[in-house]
2 protein chains.
Amino acid sequence: MSKKEIILSKALELFASRGYDATSTRQIATEAHVSEGLIFRHFHNKEGLLEAVLLQGINKATQYIEPILEMTDPRQIIESAICLPTHVPIEEHEFWKLLYTLKWQRANYPQEAFDQLQQKLTAAFESLGFESPELEAQLIEIYIDGLATEILLRGGDPTALTQKILTKYFKNEH
Amino acid sequence: MSKKEIILSKALELFASRGYDATSTRQIATEAHVSEGLIFRHFHNKEGLLEAVLLQGINKATQYIEPILEMTDPRQIIESAICLPTHVPIEEHEFWKLLYTLKWQRANYPQEAFDQLQQKLTAAFESLGFESPELEAQLIEIYIDGLATEILLRGGDPTALTQKILTKYFKNEH
DNA sequence: TATTTTTGTAAGTGATTACTCACTTTTATG
DNA sequence: CATAAAAGTGAGTAATCACTTACAAAAATA
């Protein structure tokens, strides 16, 4: 793990737990055991550090969503989307907490990947003959956010809730 | 409007738009056209100002939820809960944005009123003979959060989505 | 009216902020 | 091996931070 990577991971950790504005570059440098100047050599400024942290996380997010975008069975698409939050490993929780915080704070919040997912979901509901596929897709997004909140914020077990949501769409199956 | 009230409203405005940590007491004082010292005379410190801002907002929130807690018809309880976000006037949007931001940042986030609502919803689903009333109540909470996000963050019109959710529970009525 | 209390201000305080700069060490390259 | 580029440091910088203090104006109270 290079010093650049250590800075990134410590920045993620502190940004997620205390917030971007409440975290100083000195704090990050101290905890990462590097000089404060190195942060600015690698990331130009604090905002650049945040963007770098987000970028590596977005790549992770894309890895979750991409397989769903390649699916053809509409039921599988919907089920996979609902189950997304349950497949996030604990070591990534901090990143997602950061992302959900920034969602309410920053205009440049990256949501391209999620938009693609929603389009895929809309198409899935359309092919299943749902009345208003766009609204149904939006509902799934709400479910995902709700499940993510349950996991990340309350630290709860989402399996029961996930099952409940799944049965709303696949009553007579399984 | 007293100077104390002007400080409170400007603090709410800035906390909601830029975030608590990114907003300085000097900024608040300047925009409120008062001396910075007056903030500390009235609210002791910055944290006290935030708590005062939250307190006056929580009282508003309780006013929304209290009528539902007094209802007896389970269907009316559920419907009223789902419709809650649509009844928030535009002038209160900033406060709710602040509350949703703090939800992800601060441990002392006040959620008593929402807990009461969820208990009421659980009882409502129970009396209607639902299989897992607690999970159903949790789902309603997720719907509320989702609708609030749609309104506050994306500035969208939530009526279509609200109707969609309502029909999930009251298919053969209206 | 005299006095106390509340409200308000201006000018500070030391600490901390993001960031820079001169410089050394390490790594890569011709 | 020589040289240049990259990585890394430590001691700075001006600006800003939350907050204090001494004091004046206004309001309330006696």
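Just so we're on the same page: letters track the sequence lines, and every chain starts at 1. All values below were derived from every heavy atom in this structure, side-chain atoms included, with hydrogens, water molecules and symmetry-related copies excluded.
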Separation of atom CD1 in A:I6 from atom C1' in D:dA7, rounded to whole Å: 13 Å

Rounded interatomic separation in angstrom, taking CD from B:Q27 and P from D:dA18: 9 Å

Residues B:Q138 and A:E150: side-chain donor-acceptor under 3.5 angstrom: yes

Atom-to-atom span, NE2 of A:H44 to P of C:dC19 - whole angstrom: 8 Å

Whole-Å distance separating the OH atom of A:Y20 from the P atom of C:dA18: 8 Å

Ion pair A:K10/A:E13, N-O distance below 4.0 Å: yes

Sugar-phosphate only, base, or nothing, as touched by B:S2 at under 4.0 Å among non-hydrogen atoms: nothing

Sub-4.0 Å heavy-atom contacts from residues 32-42 of chain A onto DNA chain D, ordered by number: A:V34, A:S35, A:G37, A:L38, A:R41, A:H42

Distance in angstrom units between A:I28 CD1 and C:dC19 C1', rounded: 13 Å

Donor on one side chain, acceptor on other, B:Y20 and A:D21, under 3.5 Å: no

Sidechain N-carboxylate O distance under 4.0 Å for B:E131, A:K164: no

Whole angstrom value for the distance that separates C1' of C:dT9 from CD1 of B:I7: 12 Å

Residue pair A:Q105 / B:T101, side-chain donor-acceptor N/O under 3.5 Å: no

Near-ring test A:F95/A:F15, centroid separation under 6.0 angstrom: no

Interatomic distance, B:R18 CZ vs D:dC17 P [rounded to whole Å]: 11 Å

Residue A:T25, side-chain atoms from C-beta onward, closest of C:dA18, D:dA18, D:dG8: C:dA18

Side-chain N,O (B:K4) to OP1/OP2 (C:dG8) below 4.0 Å: no

Distance below 4.0 Å between B:S24 side-chain N/O and D:dT16 OP1 or OP2: no

Whole angstrom value for the distance that separates C1' of C:dA10 from CZ of B:R26: 11 Å

No-hydrogen, no-angle side-chain donor-acceptor test under 3.5 Å, A:T25 and A:E36: yes

